[in-house]
Each structure stands twice: as structure tokens, then as C-alpha cells.
Amino acid sequence: MTASKDTISARLLEWYDVHARTLPWRAPPGESSPDPYRVWLSEVMLQQTTVAAVKPYFAKFTERWPTVDDLAAAPEQDVMVAWAGLGYYSRARNLVKCAAAVKKLGGFPETEEELLKLPGLGAYTAAAVAAIAFGQRAVVVDANVERVVSRLFAIEEPLPGSRKTIRVKTDGITPDRRAGDFAQAMMDLGSGICTTRDPKCLLCPLSSDCQALKNDNPARFPIKAPKKIKPVRQGTAYWIERDGAVWLEIRQGTGMLGGMRSLPDDGWHSGGDGDGAAPVDADWEQLGLVRHTFTHFSLEMSVLRTSIQSDLAERIGQWWPVAEIDDAGLPTLFAKAARLVLARG
DNA sequence: CATTCGTGGCT
DNA sequence: TAGCCAAGAAT
């Protein structure tokens with residue numbers, strides 16, 4: 001694109017220079033480039049996650065691990081505990097792998113192509129880091145850009161089929177210079193002006209460019225394919241107490257909640273109910289039900305409690321002091337169960 | 001290309 | 001309130 005004054009990118013950047021949000025991972029105005037480590041960390045945390053949810057985690061991570069080498073030196077379980085509650089835990093597992101890879105490389109690669117090879121960086125994040133941290137021209141497409149571009153060009157084809165068209169259109173309006181600022185400007189616009197519901201078209205710097213606004217109702221875009229309904233699964237979690245400690249295990253594999261500390265359960269999963277089989281033969285007290293909705297299914301999880309004197313044979317885990325349960329790094333589902341248990345006394 | 005991955009906030 | 005949605009990646 002040319003840098004002429006009357007382009008979409010020029011109008012957007014002019015708006016951004018005045019209205020950019022101040023965010024912890026952005027370089028202060030006037031400072032050269034943001035720290036690639038902070039850009040990468042924030043971008044991974046922000047995948048499918050709101051700015052408000054990310055802020056406290058970003059603060060915690062950067063205080064504890066100020067550099068990518070610090071993070072690479074951290075035990076994986078420490079990172080998983082620190083990530084607990086943020087969701088999509090494959091991000092945390094890949095974060096550790098990526099930090100090690102970057103340490104080995106002696107720093108972050110600076111091109112989109114090389115960044116794409118790192119674990120946890122897909123098309124979006126590789127482009128975002130290349131543009132924001134290294135000043136490369138890259139076509140950055142996230143959910144905000146999809147919404148803004150769908151409206152700008154009144155794209156009638158529904159997502160996700162329209163992704164190819166959206167990429168081409170985004171490429172067409174991405175400037176050669178300040179591609180990183182352009183990407184962040186699109187996100188700020190999508191966050192505050194070109195919102196999903198009730199877009200603030202009167203305040204939009206691109207209103208004169210917007211085909212959707214010209215023709216009909218911008219809120220109609222992007223058109224989306226209908227969603228599938230979520231099945232409801234039944235399951236059980238088991239609270240086993242001994243001498244003021246509760247039995248916790250670590251979920252194996254790369255599947256749901258993999259690598260996260262948890263209560264023993266009866267094998268419930270996205271595809272089916274649990275079998276109701278308790279981990280030990282004991283007197284179980286029914287404490288209540290925890291309802292939790294994941295991305296693709298809902299779970300009604302019974303919480304059962306018992307006390308035992310013996311050890312647990314044939315199981316891998318640890319006795320965790322009940323008084324310190326908040327430090328165990330339980331994902332939210334099991335944190336809810338723990339809350340229920342403690343509330344019952 | 002479709003599915004599997006969390007969670008909290010919003011309306 | 002029940003559903004919708006958010007700076008997506010991996011398979």
C-alpha cells in the first residue's frame with residue numbers, strides 16, 4: 001500500500017496515535033520497540049482470552065520470570081500452576097517448550113516464517129510478533145480484524161469460509177510501515193468502536209470506508225455459521241482427606257486439562273459420562289454438584305468426600321495440605337469443587 | 001476443513 | 001439467564 005494520506009491505514013493510524021489503549025505489554029509512547037519476550041508472552045495469553053483476564057497473569061509472569069531465559073529455566077509444573085485459571089492449558093505447555101527453543105536459538109527469530117516454527121505460535125501470533133516486536137510487514141488477522149474487515153467490505157460469506165477473502169482484504173489495507181501499530185489499531189478499534197454488538201459507528205475513523213454502514217446494518221457482520229449444541233456430561237470428582245491433606249493428582253497427556261493438578265475423577269470426558277467408580281473403597285459423602293461449561297460440552301460433576309487412614313496404593317499423586325489448597329494450581333473446574341468442599345466444612 | 005481444547009464477563 | 005464471545009493453535 002502507498003502511504004498517501006487518504007488510505008484506510010492512514011486514517012486508522014492517525015486515530016491510533018490519539019486513542020491507543022495503554023497496555024502493560026505495549027512500549028510507552030516514544031520508546032522504540034517493545035520487548036519481544038513481553039510481546040510474545042502477551043500474545044499467547046491473549047489467544048481467545050480477554051485483556052482483563054490476561055492483565056493479572058501477565059503481571060505475575062513478568063515479575064517472576066522477567067526474561068525468556070528465566071522462563072526457560074523454570075520447572076514446567078511451576079508454570080502450569082502459575083497459568084492455572086487462565087484456560088487452554090496447551091498454551092502453558094507450549095510456552096515452556098517455546099521458551100527453551102528461544103533460549104537455544106539465543107533469542108527470538110525476527111521473521112514471520114521462523115516464528116511460525118515455534119511451538120504455540122500459529123498464523124496469527126507469528127504475524128503479530130513479527131509486526132509488533134520486529135517491525136516487519138505482516139498480515140495480522142484475529143477475531144477483531146475479521147469483524148472489522150467483514151464490515152468494511154460487507155462480506156456476505158459466513159465464517160469460517162470467508163477467512164481466505166478476509167486475509168486478502170486485510171493484506172490490501174495493511175501498510176508497509178507501522179504494520180505492528182496498524183494491527184494493534186485494528187484490535188483497539190474492534191475492542192472499543194467496531195464492537196460485536198452495538199458498534200459505535202459515529203466515532204469510527206473508518207466510517208466513510210465502511211460498505212456495511214453504507215448499505216445496511218454493520219452489526220449484521222461478520223455472518224457466522226450456526227454453532228453446534230453442547231452435550232451435557234455427568235461425572236464425579238473425589239475429595240479424599242487424610243490428616244488435614246487432600247489427595248491430588250496431575251492429569252497426563254495433551255488432552256483436556258493435561259498437565260494440570262486435579263482431584264481424582266471417574267473418567268468423564270467430552271465424549272461421555274464418568275463410570276461412577278471411586279478410586280478407593282470407602283464411605284462416600286455426597287457434597288453437591290458443580291456445574292461447569294467448557295467450549296464444547298457442559299459438565300455436571302458430583303463432588304464426593306471421604307476420609308481414610310491408609311495410603312493410596314496404585315495411584316500417583318500427592319497429599320496436599322487442605323489449608324494451602326489455593327496454591328495447588330487447580331484449574332477452575334476443580335477449584336469450584338474445592339470451594340464447595342470447604343464451604344461444607 | 002472440522003474438532004478439540006477454558007474461562008470469565010457481558011447482555 | 002442462558003448464550004455468546006474473546007489478540008487461536010494443534011491435529
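Numbers restart at 1 for each chain; the letters A, B, ... are given by sequence-line order, proteins then strands. All values reported here derive from a predicted model rather than from experimental measurement.
- Within 4.0 Å of Lys336(A), counting heavy atoms only, lies no atom of the nucleic acid at all.
- The C1' atoms of dG8(C) and dC1(B) are separated by 16 Å, rounded to the nearest whole Å.
- Leu330(A) and Leu289(A) fall into different hydrophobic clusters, where Ile, Leu, Val, Met, Phe, Trp and Tyr residues are linked whenever their side-chain heavy atoms come under 4.5 Å apart, directly or through other members.
- If you check every strand for non-hydrogen atoms under 4.0 Å, Trp83(A) touches nothing.
- One finds no salt bridge joining Asp142(A) and Arg147(A) here, because no Lys/Arg side-chain nitrogen approaches an Asp/Glu carboxylate oxygen to under 4.0 Å.
- Interface limits on DNA chain C: the 5'-most and 3'-most nucleotides within less than 4.0 Å of chain A heavy atoms are dC5(C) to dA10(C).
- Within residues 141-155 of chain A, the residues that place at least one heavy atom under 4.0 Å from DNA chain C are, in residue-number order, Asp142(A), Ala143(A), Asn144(A), Arg147(A).
- Here the rule is ring-ring contact (aromatic ring centres under 6.0 Å, His included) with Tyr238(A), and of Phe334(A), Trp247(A), Trp284(A) only Trp284(A) fits it.
- The nearest pair of heavy atoms linking Ala72(A) to Lys103(A) is CB-CD, 3.7 Å.
- Closest approach of Ala20(A) to Asp188(A), counting heavy atoms only: CA-OD2, 3.6 Å.
- No chain of hydrophobic side-chain contacts below 4.5 Å, direct or via other Ile, Leu, Val, Met, Phe, Trp or Tyr residues, connects Met187(A) to Val148(A).
- Non-hydrogen atoms lying under 4.0 Å from DNA chain C are contributed by Met187(A), all within residues 187-195 of chain A.
- The six-membered or imidazole ring of Tyr57(A) lies away from that of Trp83(A), with a centre-to-centre distance of 6.0 Å or more.
- Between Phe294(A) and His292(A), the ring planes are perpendicular. Angles over 60° get that label, and only those under 30° would be called parallel.
- Closest of all the heavy-atom pairs between Val81(A) and Ala328(A) is CG2-O, 3.9 Å.
- Among the heavy atoms of the strands lying under 4.0 Å from Ser270(A) are primed sugar atoms or P, OP1, OP2 only; no base atom is included.
- Along DNA chain B, the nucleotide nearest to Lys228(A) and the one nearest to Leu333(A) differ in position, and the one closer to the 5' end is contacted by Lys228(A).
- Taking every heavy atom of both residues into account, Val141(A) and Glu146(A) meet most closely at CG1-CG, 3.8 Å.
- Minimum heavy-atom separation, Leu189(A) to Pro205(A): CD1-CD, 3.6 Å.
- Tyr88(A) is linked by a ring pair (Phe, Tyr, Trp, His ring centres under 6.0 Å) to nothing, counting only residues two or more places apart in sequence or in another chain.
- Nucleic acid contact class of Leu23(A) (heavy atoms, under 4.0 Å, all strands): base.
- Using a 4.0 Å heavy-atom distance criterion, Gly258(A) is classed as making no nucleic acid contact.
- Thr196(A) comes within 4.0 angstrom of the backbone, heavy atoms only, and of no base.
- For the residue pair Ala179(A) and Thr174(A), the shortest heavy atom distance occurs at CB-CG2, 4.2 Å.
- To the nearest whole angstrom, the two C1' atoms, one in dA7(C) and one in dA2(B), are 23 Å apart.
- In this structure, Thr49(A) reaches the bases: a heavy-atom distance under 4.0 Å links it to at least one base atom across the strands shown.
- Contacts of Gly255(A) with the nucleic acid, taken as non-hydrogen atoms under 4.0 Å apart, involve only primed sugar atoms and P, OP1 or OP2.
- For DNA chain C, the neighbouring residues in residues 115-128 of chain A, judged by any heavy atom under 4.0 Å, are Pro119(A), Gly120(A), Leu121(A), Gly122(A), Ala123(A), Tyr124(A), Thr125(A).
- No donor-acceptor distance shorter than 3.5 angstrom exists from the side chain of Lys230(A) to the backbone of Lys228(A), with no hydrogens or angles considered.
- Along DNA chain B, the stretch of nucleotides lying under 4.0 Å from any heavy atom of chain A spans, 5' to 3', dT3(B) to dT11(B).
- Cation-pi contact between Arg251(A) and Trp268(A): present, with separation from the ring centre below 6.0 Å and deviation from the ring axis of at most 45°.
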Inset, instruction - Please step through salt bridge (Lys or Arg N to Asp or Glu O under 4.0 Å) for the pair Arg64(A) and Asp78(A), ending with a clear verdict. - result: CA-CA 11 Å; Arg64(A) 184 166 175 185; Asp78(A) 288 2; 3.5 Å; yes
